[in-house]
There are 2 protein chains.
Amino acid sequence: MVVPQQEVDRRVALYAQALREGGLRSTHQRMEVAREIAMSDTHPDVEAIYRAVRQRVPTISLDTVYRTVGTLERMGLVERVPICSGATRYDANLEHHHHFVCTGCGIIRDLAGAAFEELEITEAAAGFGRVGQITVQVRGLCNECCGQEQHQEEQHREEPS
Amino acid sequence: MVVPQQEVDRRVALYAQALREGGLRSTHQRMEVAREIAMSDTHPDVEAIYRAVRQRVPTISLDTVYRTVGTLERMGLVERVPICSGATRYDANLEHHHHFVCTGCGIIRDLAGAAFEELEITEAAAGFGRVGQITVQVRGLCNECCGQEQHQEEQHREEPS
DNA sequence: GTTACTGCAAACTTTTTGCACGACA
DNA sequence: TGTCGTGCAAAAAGTTTGCAGTAAC
C-alpha cells in the first residue's frame, strides 16, 4: 500500500475514462475494485481484492470482482503476474518492469526495470516468432523469510532433535 | 518430442536413482510419468501427461499423475514453468534456461540460456532478499500464430464486413 | 426507459485428500 | 510380509456462467 496517492488517483481516473470510452459503465463496484488494484503494490489475487473491497462495499460479491478484473485485463488496464501456480495475481503497474518472487512466502515485489535487451536471448527467441515483451523473474528468499530461517536454525541449535 | 533418446534415457535413469536414494519405490506408473515428462519439450500439463501415459498404461489414474509430478517436483527432478495462469506445466530441462511464451496459442519453447546477469536488476533484487535463480520470459507470437494472423487478414481483405 | 451490471446460485476446472486394495522391496 | 503406492471417489480451491432483479446512462 505504498503507491503514492497521486499515482492512485491518476490510475483510477484512467480506468474511469477507459470504461467510458469503451461504452462500459463505471459503476460503484467497478471503481472500488479498480481503486483497490491501483492502491496495492503487493500484486493481490481476486480473493485479496474481494476482502479489501468488502470493507468499503460490504454487499459486493466475489464474482463481480472476477468479472471486473477480467474487464480491466481485457482493456489492458491491469496485467496478470506470471507466476508458477495458485490464484491469479494482478498488477496495476503498466510500466515495463520485472519481479522479485519469494520462494518462501510468495510475496512479489516490483523491480523498476530499465529496458532489458539481452541480445543472445532476444535473437534465440526471434527464431520462434515475433518477440513482444521481455520480463525477468528473480526468484529468491525475501528478507523476512531469510530472518525466519535464521531464527529456526538458532532454535535448532538450542534443542537439537 | 524432439528430446534426443540418449537424453531421455539419462533423465529416466536419474529419476529411478533419485527415487531409490529417497527411499521411494520406482513403480511402473511413476517411471512412465517420469519418462513422459523427460520425452517432452512442450512443457505439458498434468492432463497432457495423463493422456499420453494412458496410451501405454491404460489403467493409470489422473491423481497418480498428480502425485507423481508432485513427488518429482519435491525431489527437484522437474520444475514448474512460471506462466500466467491455467493448468500447471512441467519442465524436465533442469539446465538454467529461459522461455518463449506464445500469447496466441500458449506454446512454450525453451531458450537455451547463457548465464544471465543484468547487474542493474540483480542489485535492485538484492534489496528485497537473497537472490536465487533469474529467468527471462519472452512473450510474443509464435511463427505459426503469426502465419494464421496474416491468413485471417488476407481473408478480411477479400470479404470485408 | 433501455440496456448493461450485479448478486445469487450452480456448474466447471484444476488439484488435493481419505480409504481400502494391490504391488513393490 | 510389511509398508508404500495406486485407484476410486469425494472434497477443496479457483473460476466461470445463467438468470432475474437493480442501477447506470
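Chain identifiers are assigned alphabetically (A, B, ...) following the order of the sequence lines, protein sequences preceding nucleic acid strands; residue numbering begins at 1 within each chain.
- Here D/dG14 presents its C1' atom at 14 Å from CZ of A/R51, a figure rounded to the nearest Å.
- If you measure from atom CG of A/D45 to atom P of D/dG14, you get 7 Å, rounded to the nearest angstrom.
- Distance CG (B/L19) to C1' (C/dC24): 13 Å, rounded to an integer number of Å.
- The residue among B/R80 and B/H28 whose nearest nucleotide of DNA chain C lies closer to the 5′ end is B/R80.
- Not one side-chain nitrogen or oxygen of A/T27 sits closer than 4.0 Å to the OP1 or OP2 atom of C/dA4.
- A/T59 has no side-chain polar atom (N or O) that falls below the 4.0 Å cut-off from OP1 or OP2 of C/dT6.
- At whole-Å resolution of the value, CD in B/E21 and C1' in C/dA25 are 16 Å apart.
- Nucleic acid contact class of A/R67 (heavy atoms, under 4.0 Å, all strands): base.
- With hydrogens and angles ignored, a donor-acceptor pair under 3.5 angstrom links the side chain of B/R25 to the base of D/dC4.
- Base contact: B/D63 has a heavy atom under 4.0 Å from a base atom.
- A donor-acceptor pair is defined here as one N or O able to donate and one able to accept, closer than 3.5 Å; such a pair exists between the side chain of B/R89 and the backbone of B/T42.
- In terms of modelled atom types and a separation under 3.5 Å, the side chain of B/N143 and the main chain of A/G127 share a donor-acceptor contact.
- For B/S26, the side-chain atoms get nearest to C/dA25 when compared with the rest of C/dA25, D/dG14, D/dG5.
- The shortest distance between the side-chain N/O atoms of A/Y66 and the OP1/OP2 oxygens of D/dT16 is not below 4.0 Å.
- Taking side-chain N and O atoms only, A/T64 has no distance below 4.0 Å to OP1 or OP2 of C/dT6.
- Checking D/dG14, D/dG5, C/dT16 against every side-chain atom of B/L24, the shortest atom distance belongs to D/dG5.
- Comparing B/G23 and B/V65 along DNA chain D, the residue whose closest nucleotide (by nearest heavy atom) sits nearer the 5' end is B/G23.
- As a whole-Å value, the separation of A/R20 CZ from D/dC25 P is 9 Å.
- Side-chain atoms of A/D91 never come within 3.5 Å of backbone atoms of A/E79 as a donor-acceptor pair (strictly under, hydrogens ignored).
- Between the side chains of B/R54 and B/Y50, at least one donor-acceptor pair of N or O atoms lies under 3.5 Å.
- As a whole-Å value, the separation of B/I60 CD1 from C/dG22 P is 18 Å.
- The side chain of A/Q29 places no N or O atom within less than 4.0 Å of a non-bridging phosphate oxygen (OP1 or OP2) of D/dA24.
- The interatomic distance linking A/L62 (CG) with D/dA12 (P) rounds to 17 Å, in whole Å.
- Between the CZ atom of B/R30 and the P atom of D/dC4 there is a distance of 11 Å, given to the nearest Å.
- With hydrogens and angles ignored, the 3.5 Å screen pairs no side-chain donor or acceptor of A/T64 with any backbone N or O of A/I60.
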